[in-house]
Amino acid sequence: MADQKPTVDPEVPFAKRIDPNKEDLTRDEFYFIRQVELAQWKKKSQQLRGRNIATGLAIGAIVMGIYGYTFYSVKQEKIMDELDEEAKVARMRGAKTGAN
């Protein structure tokens with residue numbers, strides 16, 4: 001079943017690519033071509049819009065994740081505060097000399 005090829009009727013004309021500038025087309029044929037192109041463009045634009053929205057949301061999520069992680073890590077960074085406290089305590093306990 002899967003390896004059966006569809007039968008092609010040789011009497012049925014196959015769509016061929018034409019150049020509208022070289023072919024003599026009627027106004028109705030130009031109108032029909034324009035309508036088909038417009039329908040294809042609308043279909044593609046809907047697909048692209050969906051992809052663009054998904055891409056934008058993904059990039060926004062990454063940016064917000066980095067932003068949140070930065071605030072989280074800076075909030076936890078208490079090493080400098082601890083060193084300042086230790087230095088203050090060491091100065092207070094240290095010997096008082098004329099140089100201090």
Side-chain angles (χ1 to χ4, degrees):
M1 284 265 177
D3 49 355
Q4 288 183 355
K5 294 183 179 178
T7 58
V8 178
D9 188 8
E11 307 252 338
V12 177
F14 188 73
K16 64 178 184 174
R17 188 175 296 265
I18 62 167
D19 186 6
N21 298 327
K22 294 181 181 176
E23 300 283 332
D24 291 329
L25 300 176
T26 64
R27 177 179 277 174
D28 291 334
E29 289 171 331
F30 273 117
Y31 180 75
F32 178 71
I33 290 171
R34 182 69 183 135
Q35 292 299 320
V36 169
E37 287 175 348
L38 205 77
Q40 289 173 347
W41 182 79
K42 284 181 182 179
K43 182 180 177 184
K44 286 291 183 183
S45 68
Q46 289 294 332
Q47 291 173 347
L48 284 175
R49 185 175 296 129
R51 286 188 208 149
N52 287 346
I53 289 172
T55 303
L57 288 174
I59 291 172
I62 290 170
V63 167
M64 292 304 293
I66 292 171
Y67 186 75
Y69 176 75
T70 302
F71 269 101
Y72 177 73
S73 64
V74 168
K75 185 178 176 183
Q76 285 187 344
E77 191 173 300
K78 298 180 182 177
I79 295 171
M80 292 306 291
D81 294 337
E82 291 173 2
L83 289 176
D84 288 342
E85 288 294 323
E86 288 176 12
K88 186 188 261 187
V89 169
R91 268 188 263 131
M92 299 289 267
R93 289 186 184 165
K96 298 290 182 180
T97 62
N100 290 346

Return a table of donor-acceptor pairs under 3.5 angstrom between the side chains of residues 24-37 and protein atoms on other chains or two or more places apart.
{"unit_1": "T26", "atom_1": "OG1", "unit_2": "E29", "atom_2": "N", "d": "3.3"}
{"unit_1": "E29", "atom_1": "OE1", "unit_2": "T26", "atom_2": "N", "d": "2.9"}
{"unit_1": "Y31", "atom_1": "OH", "unit_2": "Q35", "atom_2": "NE2", "d": "3.4"}

List the atom pairs, donor and acceptor, that lie under 3.5 Å between side-chain atoms in residues 45-58 and the rest of the protein, sequence neighbours left out.
{"unit_1": "S45", "atom_1": "OG", "unit_2": "W41", "atom_2": "O", "d": "3.3"}
{"unit_1": "S45", "atom_1": "OG", "unit_2": "K42", "atom_2": "O", "d": "2.9"}
{"unit_1": "N52", "atom_1": "ND2", "unit_2": "L48", "atom_2": "O", "d": "3.4"}
{"unit_1": "T55", "atom_1": "OG1", "unit_2": "R51", "atom_2": "O", "d": "2.8"}

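- Sorted by first and then second residue, the ring pair (Phe, Tyr, Trp, His ring centres under 6.0 Å) pairs involving residues 47-70 (not counting sequence neighbours) are Y67-F71.
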